[in-house]
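Numbers for residues simply follow the sequence, beginning at 1. Just so you know, these numbers use all the heavy atoms, side chains as well, and skip hydrogens, waters and symmetry mates.
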Amino acid sequence: MPSHPAFELFVRKLCERSRLTDEERRAILAIDGQEVDIPPHRDIVRPGEVTEFSCLVVSGMAARFGQLPDGTRQITAVYIPGDMCDLYSLMLPKVEWALQALSSRLTIIKVPHRQLLELVRAYPAVAEAFWRDCVADASILSQWVVNVGRRDARMRTAHLFCEVGLRMEKAGLGSRTAFQLSAIQSQLADALGMTPVHMNRVIRALRQDNLLRVQGRDVQVPDWDALAAVGGFDGGYLELDDRWRRVE
């Protein structure tokens, strides 16, 4: 049977960071799971839940979040098609960083941990690729901490749009200067530590400076270099090149 396109995107992303043989790639593509549609703003996995699956994004966008006792949330990562949002749950199935669908309808594949464990036990190089993917995820999280903790509102907003644009381009889902973002401004505010009102003002100011155009889900970046300069963006932390591939 033909592999699911989402698994093909996943393998493509893994191969940006790891060298996998044809047999290893075929083994990943042979995985299956349950495809599920998640309504907007619905939790996929809640904090403290023990899960037996990892989530592969098929379409739409998912977010990882932390939640305070009063229900306030901080988004700590966003995931696009081809991302296995919570691959780390394979080793730590009790989830502390939960997952939510963003504004557009989200489709995921729930991939049983049992299948993934069988795969990594049979193919050590696949285990290494999964490990490297989790390391890259941690690298992105570290950059998000810097974003919220040290960059001002204008800088952190530019940085986020640069990151998402580059990730979309690498996944073949658009280009860094034209892509779709399945999130509303209040969710971007939760990711950037701002109020929705402040978020709106910052995006409006970037638009007035001809650095960013947002119309519904469509995002255009008229001058990528200028936006990257405003955000102090260097995409090296995404590790989307072959520097990290296995040495034969």
What heavy-atom pair brings [X] and [Y] nearest, and what distance separates the two atoms?
X	Y	answer
Leu238	Ala136	O-CB, 4.3 Å
Cys85	Val57	SG-CG2, 3.4 Å
Ala158	Val230	CB-CG1, 3.9 Å
Ser89	Phe53	OG-O, 3.7 Å
Ile28	Phe7	O-CD2, 4.1 Å
Cys15	Leu20	SG-CD1, 4.0 Å

Donor-acceptor contact below 3.5 Å, side chain [X] vs main chain [Y]:
X	Y	answer
Ser175	Glu169	no
Gln220	Ala178	no
Gln115	Pro112	no
Thr157	Ala153	yes
Arg114	Glu52	no

> By side chain to side chain contact (heavy atoms under 4.5 Å, CB included), which residues pair with Gln208, not counting sequence neighbours?
Replying inline: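 Result, side chain to side chain contact (heavy atoms under 4.5 Å, CB included) vs Gln208: Arg204.
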> Arg167: what forms a salt bridge (Lys or Arg N to Asp or Glu O under 4.0 Å) with it, not counting sequence neighbours?
Replying inline: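 Testing Arg167 for salt bridge (Lys or Arg N to Asp or Glu O under 4.0 Å), a comparison that skips the adjacent residues, returns Asp83, Glu163.
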>> Applying salt bridge (Lys or Arg N to Asp or Glu O under 4.0 Å), can you list everything that pairs with Asp133, at least two apart in sequence or on another chain?
In response: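 Checked Asp133 against salt bridge (Lys or Arg N to Asp or Glu O under 4.0 Å); matches are Lys13, Arg17.
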Any [X] side-chain heavy atom under 4.5 Å of [Y] side chain:
X	Y	answer
Leu56	Ile31	no
Glu23	Tyr123	yes
Leu106	Met61	no
Arg217	Leu181	no
Arg154	Leu211	yes
Cys162	Arg176	no
Phe161	Val214	yes
Leu99	Ile108	no

> How many angstroms lie between atom CD of Glu96 and atom OH of Tyr88, to the nearest 0.5 angstrom?
Replying inline: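 Glu96 CD to Tyr88 OH: 10.0 Å, rounded to 0.5 Å.
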>> How long is the straight-line distance from CH2 of Trp97 back to CG of Asp137, given to the nearest 0.5 Å?
In response: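 Going from CG on Asp137 over to CH2 on Trp97, the span is 11.5 Å.
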> With no hydrogens and no angle check, do the side chains of Gln74 and Asp190 hold a donor and an acceptor under 3.5 Å apart?
Replying inline: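 Their side chains do not contain a donor-acceptor pair, so the 3.5 Å distance test is not met.
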> When the ring planes of Tyr237 and His159 are compared, do they come out parallel, tilted or perpendicular, using 30° and 60° as the limits?
Replying inline: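 The arrangement is parallel - the two ring planes meet at less than 30°.
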> Under 6.0 Å from the CZ atom of Arg42, do we count more than 12 heavy atoms belonging to anything else shown?
Replying inline: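 Count not over threshold, so no.
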